[in-house]
Amino acid sequence: MVDLNVDLGNGLVLDNPVLTASGTFGYGTEFDDFIDLNRLGGFVVKGTTLHHREGNAYPRMAETPSGMLNAVGLQNKGVKYFVDQIYPTLTKYQSKVIVNVSGSTIEDYVSCTEYLEGLDGIDAIELNISCPNVKEGGMAFGTSCASAEKVVAAVRKVYSKHLMVKLSPNVTDITEIARSAEASGADSVSLINTILGMAIDTNRRRPLLSTVTGGLSGPAVKPVALRMVWQVANSVNIPVVGLGGIMNAQDAVEFMLAGATAVQLGTANFIDPQVTVKVVEGIEVYMKEHEMSSTKDLIGGLIL
Amino acid sequence: MVDLNVDLGNGLVLDNPVLTASGTFGYGTEFDDFIDLNRLGGFVVKGTTLHHREGNAYPRMAETPSGMLNAVGLQNKGVKYFVDQIYPTLTKYQSKVIVNVSGSTIEDYVSCTEYLEGLDGIDAIELNISCPNVKEGGMAFGTSCASAEKVVAAVRKVYSKHLMVKLSPNVTDITEIARSAEASGADSVSLINTILGMAIDTNRRRPLLSTVTGGLSGPAVKPVALRMVWQVANSVNIPVVGLGGIMNAQDAVEFMLAGATAVQLGTANFIDPQVTVKVVEGIEVYMKEHEMSSTKDLIGGLIL
Amino acid sequence: MNKTVQRLVVEKKEIVNKDNFILSLKSPVPLVEVQAGQFLSINVEKSKDVFLRRPFSIHDVNYGNNTLDVLIKSVGPGSAALKEVEVGDLVDTIFPLGNSFTMPNKGEKVLLVGGGVGIAPMLYLAKVLQPITSDINILLGSRKGEDQILLDRYAEVGNVLTTTEDGMVGEKGYVTDHSFMKERLQDVGRIYCCGPEPMMKSIAKLAEEKQVYCEVSLENMMGCGFGVCLCCVTDTHEGHKCVCSDGPIFNIADLKW
Amino acid sequence: MNKTVQRLVVEKKEIVNKDNFILSLKSPVPLVEVQAGQFLSINVEKSKDVFLRRPFSIHDVNYGNNTLDVLIKSVGPGSAALKEVEVGDLVDTIFPLGNSFTMPNKGEKVLLVGGGVGIAPMLYLAKVLQPITSDINILLGSRKGEDQILLDRYAEVGNVLTTTEDGMVGEKGYVTDHSFMKERLQDVGRIYCCGPEPMMKSIAKLAEEKQVYCEVSLENMMGCGFGVCLCCVTDTHEGHKCVCSDGPIFNIADLKW
Ligand SMILES: Cc1cc2nc3c(=O)[nH]c(=O)nc-3n(C[C@H](O)[C@H](O)[C@H](O)COP(=O)(O)OP(=O)(O)OC[C@H]3O[C@@H](n4cnc5c(N)ncnc54)[C@H](O)[C@@H]3O)c2cc1C
Ligand SMILES: Cc1cc2nc3c(=O)[nH]c(=O)nc-3n(C[C@H](O)[C@H](O)[C@H](O)COP(=O)(O)OP(=O)(O)OC[C@H]3O[C@@H](n4cnc5c(N)ncnc54)[C@H](O)[C@@H]3O)c2cc1C
Ligand SMILES: Cc1cc2nc3c(=O)[nH]c(=O)nc-3n(C[C@H](O)[C@H](O)[C@H](O)COP(=O)(O)O)c2cc1C
Ligand SMILES: Cc1cc2nc3c(=O)[nH]c(=O)nc-3n(C[C@H](O)[C@H](O)[C@H](O)COP(=O)(O)O)c2cc1C
Ligand code: FES
Ligand code: FES
């Protein structure tokens with residue numbers, strides 16, 4: 001028997017290590033047609049902010065080799081709408097539900113979190129200090145230790161359940177930021193958010209995105225994400241959630257061998273909306289083949 | 001008539017904007033079977049160090065989605081060997097010849113450069129302060145402004161011809177490092193070197209590279225490279241040489257529209273050793289189609 | 001009307017002209033109901049240069065044979081690679097995606113306008129309209145005469161009108177220049193339009209002037225195709241809406257054009 | 001012996017068994033001279049999962065017909081995609097690459113050892129050896145009986161000996177266990193070996209003990225295949241050497257094994 005359970009700490013235990021990545025899985029319910037959402041360890045819903053946001057102008061997407069750029073810019077109807085309209089539709093799932101929280105100021109992050117603190121059906125929040133697609137806040141918080149510490153500490157004060165902090169790869173040393181998040185009270189860190197990139201339409205001589213630059217995701221970024229997960233797993237004592245370009249179970253296993261306790265699937269859902277369930281099954285097959293009975297054997301199981 | 005000439009400053013004028021990337025083109029002569037080297041703007045030869053280096057243990061290469069990781073680690077026979085054995089074979093070409101110089105200490109960089117200063121057939125050096133594959137020096141110089149300034153200034157003192165400084169993408173803000181290079185006397189900056197990445201063999205549960213991490217190159221990194229070139233071109237006053245994942249003329253044009261005065265082709269040479277000449281031709285076709293008579297119309301020609 | 005991921009079998013490939021071809025895709029299980037204006041997305045598996053799925057309108061549906069037809073114009077790596085598929089190959093699809101055209105009142109005069117490969121959804125739409133009205137006018141516009149394709153097939157389902165910019169087929173000019181627009185537009189109950197954005201915008205302007213109800217089928221860069229990535233938005237009076245899930249069919253009154 | 005980039009036409013595809021197949025690739029221009037032990041690299045164009053070229057030994061050469069044969073074992077995305085090519089397709093190749101086996105003295109007894117798909121270069125090697133010596137012994141090892149392939153073809157060019165680990169074909173055990181090794185190795189002038197590294201290492205050990213000259217054909221992860229990336233190095237007494245350009249054929253005396 002293979003036990004797929006993973007413990008991310010502070011009460012967040014998943015039936016299996018597979019989560020979805022924020023902004024790529026809507027509110028989960030959009031996938032009801034494709035998969036049984038209860039098969040997932042959990043899902044991270046869309047980036048949520050204190051106030052309604054229209055996001056960036058279009059075009060917001062450009063395809064790149066083995067990847068895509070997006071410049072959505074946190075379009076969402078605000079946390080109040082989420083709590084009133086969306087939250088009730090999510091309580092029926094057994095899978096854990098994690099809300100991705102973003103803001104332009106520390107006060108925004110804190111106020112947004114306060115709306116979520118009391119909700120039984122929300123198992124954790126993922127603090128997005130790494131969104132490259134907004135003018136203020138977002139990634140700015142995730143690229144210096146000082147600002148990361150401030151925002152994490154402020155949110156920690158108002159949130160008692162599991163606090164996951166999502167890190168930006170657009171930094172010289174990601175382990176530094178990870179340690180700051182840990183020191184300020186994060187229960188886990190998730191990485192990576194998108195890498196800042198750009199694409200140009202040579203015919204029209206114009207950027208392909210309305211915002212000129214956007215966030216790169218998909219298999220193209222996998223080697224970078226895996227390296228960062230490995231570095232961070234070796235430098236903090238809290239669990240690490242790995243993501244960036246995971247397309248199949250083998251990719252997920254790479255992240256877990258490198259030290260991730262759980263993984264998130266993002267862009268892969270666009271190409272195969274059933275991929276998450278396939279990855280759950282594939283991890284189980286891998287563990288059987290390698291005679292691992294618990295995810296503990298897998299996590300950080302890289303042989304050097 | 002289309003004029004493909006580009007001027008990189010301090011005497012380095014190329015017949016066309018196409019260079020090759022160091023470490024991917026050997027000493028150039030290996031391509032004699034495939035192309036007429038005189039068709040290129042120039043070529044950047046293999047990373048050269050003061051002393052002979054055996055490089056890293058193997059395996060040194062792993063394939064990744066739309067890219068590859070390498071961990072060669074600057075294997076070369078040292079600058080003296082280069083000057084005695086290789087240099088004489090290079091003087092017959094009209095194309096400009098640029099030597100990529102690496103070191104573990106500032107003294108290494110300086111001494112290595114001194115060997116090259118007097119050679120008429122060497123038109124420029126490219127200072128590699130961004131190699132991710134060596135334990136000491138290399139990328140360390142390129143990830144902080146202070147150390148970048150020191151090494152560039154030291155080399156500048158002993159080298160009067162064109163000094164190109166090659167930047168690392170593994171930083172929070174590449175424009176900062178670019179400005180440091182400029183302030184310390186660089187005539188141009190080239191970017192990007194490889195992005196630090198990793199890959200794992202899930203079957204053997206081991207890293208695919210002997211060094212665990214290595215440098216990512218190829219089309220996977222193109223969006224990131226293009227973004228950085230655009231950022232740097234908008235923040236320094238010296239010419240920018242753009243590279244990272246360029247596979248064809250359209251990619252090259254994207255970099256030039258974003259502000260690059262010239263481009264380098266690296267990994268593309270492995271898949272098509274004739275790609276450089278095709279890119280020269282393709283840029284000319286593009287300029288004709290867009291009624292550009294001079295590369296000045298192309299460089300930085302992005303419409304916002 | 002649940003969305004499904006399905007591997008469909010290429011039953012027929014019809015090369016229409018240099019650029020356009022039709023794939024008939026057969027479902028091994030009974031076809032779910034598909035509405036006019038909906039689309040499917042294809043995962044182009046054999047091209048290195050394609051990463052995301054590609055959206056294509058449903059051109060025709062045959063429930064008896066369980067086939068869906070798509071009319072594709074080869075414009076880039078994805079559509080070019082699809083031109084290389086062979087009868088018997090499997091194609092990874094998701095469908096039905098998107099909303100659909102709304103239906104007219106019984107007997108109402110309708111005008112279907114298609115420009116370029118934007119004619120694709122109009123065939124199935126006309127078929128769906130036939131039980132509701134017999135006054136179906138299909139205006140097909142193209143730049144050159146040789147781009148006027150499948151006219152006989154459209155003639156079977158409605159009254160075909162054509163314009164070409166080179167004047168080689170039908171009336172010379174843009175679709176908006178067609179005499180129908182001056183003479184009979186006021187009698188039309190609904191316009192359905194799909195084509196290049198400038199064309200749709202000029203049709204929308206005419207429709208507004210004449211106060212005719214008008215729906216357009218929009219395109220946009222799509223990440224997912226089923227409403228989760230928010231990449232494909234367009235501006236409406238109620239803010240950003242997704243072309244893939246709130247659309248692709250929009251009432252022009254809702255668009256900020 | 002200039003290296004060329006050439007699109008060769010697939011003239012024949014022969015499925016040898018479940019995993020192995022042979023492609024005969026025809027050059028539209030007269031074939032350049034190719035030496036035994038050299039390889040070519042293929043750009044696998046239709047697989048999303050392949051980025052770099054894939055190296056394959058030259059299995060056979062037919063100058064009259066201008067064809068090169070490669071024997072390929074399907075092990076991953078690149079080789080699997082090549083199994084799908086069809087007669088008439090074009091394959092983007094670079095050849096000839098690498099150094100070659102050195103030739104024995106006139107009439108010398110030689111032993112060719114191939115393990116798994118490492119038998120590939122041995123066919124052309126035996127053909128090239130024929131004018132030089134008639135005492136050509138070809139020892140082919142595999143795990144299972146069903147993996148012993150192309151025995152008749154090798155029998156045409158030498159004295160074939162076989163071992164299988166399951167004992168179903170030839171002598172039971174590894175190639176090093178074959179009776180030839182105990183009884184006749186001392187008479188051999190040269191051993192040529194290609195196969196999995198552990199096999200080559202044990203052959204090398206035997207050869208050293210018996211002081212028989214031995215060359216092995218190495219594999220390594222290749223970035224370029226023509227000596228410019230320095231990714232494919234192996235350890236020799238003179239430092240790192242490139243398998244693709246200093247090799248793939250190495251004298252075991254030079255290797256740090
Ligand atoms: C709802 C909808 C229905 C469509 N119906 C049809 C149809 O019936 N027949 C048909 O031939 N085409 C249709 N298209 C357009 C079709 O999706 C594109 O032509 C195709 O994706 C191009 O892919 P490519 O790889 O060949 O070319 P690319 O080089 O990728 O693109 C060529 C051009 O097509 C557009 N395009 C590329 N990718 C997308 C994308 N994911 N979404 C939207 N546009 C894109 C871009 O503007 C680009 O300039 C439809 C698009 C949408 C959104
Ligand atoms: C000089 C040389 C000659 C060869 N001759 C033959 C031959 O005649 N017939 C044959 O079937 N195979 C031969 N090989 C091995 C062949 O190159 C690999 O099996 C093939 O590249 C695998 O590609 P893939 O995409 O199918 O599998 P992948 O999934 O890429 O790899 C499967 C395994 O093949 C090996 N491999 C992958 N890429 C390379 C590479 N670029 N260079 C070396 N090894 C690699 C790896 O160890 C990997 O574990 C030769 C290799 C070399 C270096
Ligand atoms: C269209 C899109 C929207 C995204 N929106 C968010 C978001 O709202 N909040 C967030 O933290 N990350 C967001 N991300 C980043 C992803 O969650 C993830 O970190 C990234 O895409 C890398 O993973 P992947 O390669 O598996 O997609 C978004 C990514 C994409 C592609
Ligand atoms: C095998 C290999 C070896 C390299 N060696 C060097 C080197 O010696 N010095 C250097 O500055 N860059 C080196 N690079 C980096 C390239 O010059 C280039 O910056 C990088 O590969 C990105 O460009 P590309 O995507 O076009 O390959 C090497 C890259 C590869 C793939
Ligand atoms: S394409 Fe993803 S929401 Fe429309
Ligand atoms: S594979 Fe590039 S040097 Fe051998």
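Quick note on labels: first sequence line is chain A, next is B, and so on, each numbered from 1.
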Atom pair OG1 (D/T4) and CD (B/Q274), whose distance is rounded to the nearest 0.5 Å: 9.0 Å

Partner set under ring pair (Phe, Tyr, Trp, His ring centres under 6.0 Å) for B/F34, not counting sequence neighbours: D/F226

D/N2 (side chain) donor-acceptor with B/D33 (main chain) under 3.5 angstrom: no

Pairs of heavy atoms under 4.5 Å with chain D: top-ranked of B/G73, B/G218, B/G67: B/G67

D/M168 atom CE, over 12 foreign heavy atoms within 6.0 Å: no

Contacting moiety of B/T267, where chain D heavy atoms sit under 4.5 Å: side chain

pair B/K46-D/V228: side-chain heavy atoms closer than 4.5 Å: no

Residues of residues 44-51 of chain D contacting chain B, heavy-atom criterion under 4.5 Å, by residue number: D/D49, D/V50, D/F51

Close contacts, residues 236-251 of chain D versus chain B, judged by heavy atoms under 4.5 Å: D/G239, D/H240

Option in B/Q75, B/E63, B/E30 with maximal non-hydrogen atom pairs under 4.5 Å from chain D: B/E63

Within 6.0 Å of NZ in D/K18, more than 12 heavy atoms from elsewhere: no

When B/G55, B/G266, B/S66, B/P219 are compared by non-hydrogen pairs under 4.5 Å with chain D, the top option: B/S66

Atom pair CZ (D/R53) and CG (B/D272), whose distance is rounded to the nearest 0.5 Å: 7.0 Å

Interchain contact, B/N269 with chain D, by part (heavy-atom threshold 4.5 Å): backbone

Nearest-0.5 Å distance that lies between atom CG in D/N220 and atom OH in B/Y58: 7.0 Å

Between SG on residue D/C224 and CZ on residue B/F31, distance to nearest 0.5 Å: 7.0 Å

Result of checking D/I94, D/D92, D/N43 against B/I271 for side chain to side chain contact (heavy atoms under 4.5 Å, CB included): D/N43

Non-hydrogen atoms of B/V72 and D/C231 that approach each other most closely: CG2-SG, 4.1 Å

Crowding at OH, D/Y213 (>12 non-hydrogen neighbours, <6.0 Å): yes

Heavy-atom check, side chain of D/C229 versus side chain of B/T24, under 4.5 Å: no

Crowding at NZ, B/K77 (>12 non-hydrogen neighbours, <6.0 Å): no

Donor-acceptor contact present, side-chain B/R60 to main-chain D/V233, <3.5 Å: no

Close contacts, residues 55-76 of chain D versus chain B, judged by heavy atoms under 4.5 Å: none

Proximity breakdown for D/S41 and chain B, heavy-atom pairs closer than 4.5 Å: neither

Contacting moiety of B/Y27, where chain D heavy atoms sit under 4.5 Å: neither

